[in-house]
Amino acid sequence: MTYVAEVIVDVPTMQTDVPYTYLIPAELGGQIRPGMRVEVPFGNGNRHIQGFVLKTYDHQNPAELSEFAMKEIVSVLDLGPVLNQEMLELADEMKETTFSFKITCLQTMLPSVMRATYQKWLVLIDEVPEDILYEVFKGLDEITWEEALASGRLSELMKLRQNEQIDIRYEVKKRNRSKTINGVKSSLSFEQIEEERQGLRKGSTQKASLLTMLQGMTEDQIMTVKEANDRFGVKRGTLNAGQRSGWLEIVEIEVNRDPYGKHTFEKNVAMSLNDQQLAAYEAIVASMKAQDNQTFLLEGITGSGKTEVYLQTIAEALDEGKTAIMLVPEISLTPQTVHRFKSRFGDEVAVLHSGLSEGEKYDEWRKIERKAARVVVGARSAIFAPLENIGLIIIDEEHEGSYKQDDTPRYHARDLAIWRSQYHHCPVVLGSATPSLESRARAQKKVYQLLKLTKRANEAAQLPMIDVIDMRREMAKGRMQTFSTPLLEKITDRLQKAEQVVLMLNRRGYSSFIMCRDCGYVLPCPNCDISLTLHMDSKTMKCHYCGHEEGIPHTCPICASQKIRYYGTGTQKVEEELRDLFPAARILRMDVDTTRRKGAHEKLLKTFGDREADILLGTQMIAKGLDFPDVTLVGVLNADTALNLPDFRSAEKTFQLLTQVSGRAGRAEKAGEVVIQTFNPNHYSIQYAKEQDFEGFYQAEMQARHQGNYPPFFYTVQIVASHEDENTAAKKMYEIVLQLKQVLSPNSIILGPTPKAVMRVNNRYFYQLVLKYKKEANLQVVLKQILDETQVDVRKGLKISIDVEPLNFI
DNA sequence: AGCACGCCGACT
DNA sequence: GTCGGCGTGCTC
C-alpha cells in the first residue's frame, strides 16, 4: 500500500498553481491529513518549501497514478489540520472569483505567523581550501546564504558545490509558536514516594516539600512551576533535580496570550427591544432556526439599536449550540466595542484585529480552533475564523470599504460571508445606517430581506438639527477661512456651556504639502508622481505611496526663495487656528500622526470621554462609532472635498460620511446640532444628509448610477498593468482592450485604458481600464486567458492585476 | 520563486 | 578559447 498526497506548494505563479503529488513516507503514514501544512522538496535543487495537503489517498501502484517520479514529503508542520474541508473549498471559490493563486488564498485564511519563512544554508560536506574555511565559513560547519553572499566569493563557493564539497540546505522555519509555560507531572506512585522519602537526608527540606507536593497530585495532573513555588515553596532548581532523579516530568503547557486578560468585564444583560428591533430579531432568529441561508439587510438609523439586535441574535445562536461571526470595520473595533461583546458573552468571545501582535492573533485563532470561543468579533479577515456549526454571520457597517482587501486576493468579506452561510445553512445580517447602493438595490429586488429600524432605541434622544453653511457666501463676505461665522458662534456657545464639540476635517482627496509662494514649486516624490506630504511628528516630508522620506526644505530648490510654506488644510494647521481663536479651550487632535502608536487611539478617546478636553478635532476616523453623551455640536469643516474626485461613488461616500459624523451629536438627552460647511450646498448628497433621509438619497443616487451605467446597474472589473517602462504598460493595456473587444457583447463598456491618477508609483507606471457589463457568460474564461497569456510578460517585469468589483477607481 | 540549461558578447 | 550575461522551461 502506497500513500500519496496532493499538495499545493508555496510558489505563487500561474504555472505552479496546481496540486503536486507526493509520496507519504512510511514513518509519516496515518499522520498526514488534508488541511495540514507539510514541508516538501521542490524543483531541481530540491529546495524545501511549505505546502498544503489537499487530499491523501492510498494506491497500490504509484506509477499508475502519476507519470512523474514522485518525491517524498519531508515533514509535517502541524499536529492536526489547520484548514478544514470548508476552508479548502472556500479557497477554490476565492481563487476563481478573485483571479488569484490557490496558495495565496490558503495563506490568507491563516494567521500570518503560520506563513513559513525560508532560510538557505551552505553546508560543508568535504574538505575545502583553508582560506574558504577560515575566511568565509569562519571555521563553522555551515553559514547562511546571506553570509555567503556578503563574503563576495559566491562563484568559488558554487564551484565547490559542483565538486560536492559544499551542499545547500533549505530550511522551512515554522513561526507559529504557542506561548508555553512549564508544568510538572508526577512520575511516581504513592508507594514509590514513600520509599524516596525514607532515603532523604535530614535537612533536605526542599526535596521533602517536593515529595509532599507530588504525593498530593493525581496521576495525570499537571501543576505549573509557579503554582509549585506559590503553594509548596518548591523552587525551580529542586524541580530540575527531581526530573534528573526521575521523580517527575517537566512538560510544556500552551497558554493563551489573552490580550484582554487584564480587564475584568462586568456582566451586561440584554436590554429590552422596541417593536422594530423585536421584529428584526424575530425574523433573523426564525431564519436561523429554519436553517435558511437568507441574507438580511438591517437598515437602521444611528442610535436605533442595531448592536443590541446583533447581541441578542448571537445569544440565540449560542443557545442553539451554534457559533457566530461578527465583522466590524477595523476602525470601529475599539475597546468600547470589544467591551460590549466581552461583557455579554465573556470568555466565549475571540477578538481578531490588527492591533494585536502576531502572537496574540495566533492565540486568538487557536482559541477558536480548539472550540474555546464560539463568538468571533473581528475585522475583514475574521471571516476566515475556523468556526464550525455557524448559526449566524453579521457584518456591521456593511457599506465600509475596508471589507474588501485591496491587494491579492482581492476578496470582499461580504461575498465570503454569504458563501459560508450557504455552507452552514445560516443567515447573514448586513447592518448599516447607510447601506451600500449595491446591497440596498439587492434588498429592493428581494435578493436580501430588508429590515428597517427607523426609531431611536433611546426615545429621549432627539435627532440632531443639521445646518448647511454655504462657504461660497462666507468667502464672499471676506477672506477665505476655515471656520464660518455660524460655526464659530456655536463653538463659543458650547465652550461657555461646558459642552463638548467634535470637529471633522475631511481629508479624502486632500493632503498637506509644501509650496513655494514665489514660484509655486511643490516638493515632489522622486519615485512617484505625487507631492510629498508634511509630517510634523517626524519633521519630515513623506510619500504616502512608496514611503520615501526626506527633510523639510527651508528654501525653494528652484528659485531659492525663503517663502516655501506649508499648504493645504491639515489637521495640524486647523489645530493651530483653533488655539488662536479659542486660547482657553482644551483641544485634542486625532489623525494618523497622533494615533500611530499602539493604544494611542484608545487613549485619546478616553481623554475626551473623561471630559478632559473640550474640542476633538480629527479626520474620518472620528466619524465611526464613538459615543460621547456630552457632545452637542459636530462641525464638518469641508464636506465636499470627496465630491470632486473622479469616482462614481463620491456622492455615496460623502453621504455616508456626513450621516455617520452627524450621528455623533446628541446621543443622550441633550439636543445635538451639526454644522456642515460646504461649497456645494445644493448637492443631493449634502441635502439628503441634512434631511437624514437615506431612502431619498438612495432613489436619487440610483438615478445617477442608472444614467452613468454604473453599479448596481452594471458590474465592473478593473484591470491594471504596471511596468518600469511607461510604454510597455500602456501597450499591454491597449492589447488587452483589443482582446476584450473581440469577445465582449456590444452592451458592455470599456473605459480606458488611461494612466492611473497617480501614474507613477515607486518608479513603476500604472495603466488601467474599467469594464462595465451586465452579462458576459465568458468573462471568467477570457480574463483567465489574458492572465495566462501575460505570463511571458510577467517574466519581463510586467504586473497585471484584475480587481472584480473594485471599490476605488483612482 | 529559484534553479538548470543554453546561447551570445568581452575578457584572461 | 572561457566567464558570465539573462531569456526560457520546469518544478510532483
Side-chain angles (χ1 to χ4, degrees), chain A residues 2-26 28-29 32 34 36-77 88 95 100-108 115-123 144-146 148-149 152-164 166-173 407-409 723-725 728 732 787-801:
Chain A
T2 310
Y3 290 89
V4 291
E6 282 191 1
V7 176
I8 294 286
V9 293
D10 184 12
V11 183
T13 67
M14 201 112 249
Q15 301 94 301
T16 52
D17 194 24
V18 285
Y20 285 78
T21 318
Y22 283 88
L23 290 169
I24 302 175
L28 296 178
I32 290 179
M36 282 180 163
R37 296 173 305 152
V38 287
E39 179 180 355
V40 291
F42 193 71
N44 263 323
N46 279 330
R47 69 201 164 96
H48 288 186
I49 55 172
Q50 191 191 57
F52 286 85
V53 177
L54 292 187
K55 48 179 144 173
T56 59
Y57 37 97
D58 28 271
H59 201 278
Q60 305 296 331
N61 182 2
E64 210 176 278
L65 182 91
S66 167
E67 59 207 276
F68 313 101
M70 284 183 282
K71 293 178 184 174
E72 285 194 346
I73 290 175
V74 175
S75 70
V76 202
L77 298 173
L88 294 176
K95 170 178 149 57
S100 42
F101 307 124
K102 188 148 177 177
I103 185 68
T104 321
C105 297
L106 293 169
Q107 313 235 67
T108 306
R115 188 163 305 179
T117 57
Y118 302 106
Q119 181 66 260
K120 210 165 142 182
W121 297 87
L122 286 190
V123 189
T144 65
W145 180 259
E146 288 71 28
L149 221 55
R153 300 175 68 172
L154 209 58
S155 54
E156 290 170 77
L157 293 167
M158 285 301 99
K159 239 172 253 158
L160 291 167
R161 185 183 170 222
Q162 290 200 323
N163 287 337
E164 299 189 329
I166 290 178
D167 198 10
I168 295 180
R169 186 166 66 86
Y170 299 91
E171 191 180 79
V172 177
K173 286 204 284 190
D407 42 51
T408 43
H723 196 269
E724 282 181 3
D725 172 52
T728 311
K732 185 73 210 173
L787 279 183
D788 262 336
E789 288 164 5
T790 309
Q791 278 310 294
V792 224
D793 309 284
V794 169
R795 276 292 181 90
K796 292 168 190 153
L798 190 92
K799 283 186 188 148
I800 289 267
S801 83

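Labels below follow one simple rule: chain letters A, B, ... track the order of the sequence lines, proteins then strands, and each chain is numbered from 1.
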Atom pair distance, as rounded to whole Å: [atom1] in [X] and [atom2] in [N]:
{"X": "A:D17", "N": "C:dC12", "atom1": "CG", "atom2": "P", "value": "16 Å"}
{"X": "A:R169", "N": "B:dC3", "atom1": "CZ", "atom2": "P", "value": "15 Å"}
{"X": "A:Y118", "N": "B:dC3", "atom1": "OH", "atom2": "C1'", "value": "16 Å"}
{"X": "A:I103", "N": "B:dA1", "atom1": "CD1", "atom2": "C1'", "value": "12 Å"}
{"X": "A:M14", "N": "C:dC10", "atom1": "CE", "atom2": "P", "value": "17 Å"}
{"X": "A:W145", "N": "B:dG2", "atom1": "CH2", "atom2": "P", "value": "10 Å"}
{"X": "A:K102", "N": "B:dA1", "atom1": "NZ", "atom2": "P", "value": "20 Å"}
{"X": "A:N44", "N": "B:dA1", "atom1": "CG", "atom2": "P", "value": "17 Å"}

* **Any donor-acceptor pair under 3.5 Å from A:K95 side chain to A:P409 backbone** =>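 Not at all, since once roles are kept as given, no pair shorter than 3.5 Å links the two residues.
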* Asked: Taking the side chain of A:M70 as its heavy atoms from C-beta onward, which of C:dG9, C:dC12, B:dA1 lies nearest to it?
  ->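 Closest of the options to the side chain of A:M70: C:dC12.
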* To do: Find out whether A:Y22 and A:P41 are in side-chain contact, i.e. whether some heavy atom of one side chain is under 4.5 Å from a heavy atom of the other.
  =>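 SC-SC contact between A:Y22 and A:P41 confirmed.
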* Asked: Is A:K173 salt-bridged to A:E171, going by a charged N under 4.0 Å from an acidic O?
  -> no
* Which part of the nucleic acid, if any, lies within reach of A:Y170 when heavy atoms closer than 4.0 Å are counted: base, sugar-phosphate only, or nothing? ->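 Sugar-phosphate contact only.
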* To do: Answer with base, sugar-phosphate or nothing: what part of the nucleic acid does A:Y22 contact at a heavy-atom distance below 4.0 Å?
  => sugar-phosphate
* For A:K796 and A:H723, which heavy atoms make the closest approach, and how far apart are they? -> O-NE2, 2.8 Å
* Asked: Where do A:W145 and A:M158 come nearest, in terms of heavy atoms and distance?
  -> CZ3-CE, 4.0 Å
Respond yes when some side-chain nitrogen or oxygen of [X] is under 4.0 Å from OP1 or OP2 of [N], and no when none is.
{"X": "A:Y20", "N": "C:dC10", "result": "no"}
{"X": "A:R795", "N": "B:dG2", "result": "no"}
{"X": "A:K159", "N": "C:dT2", "result": "no"}

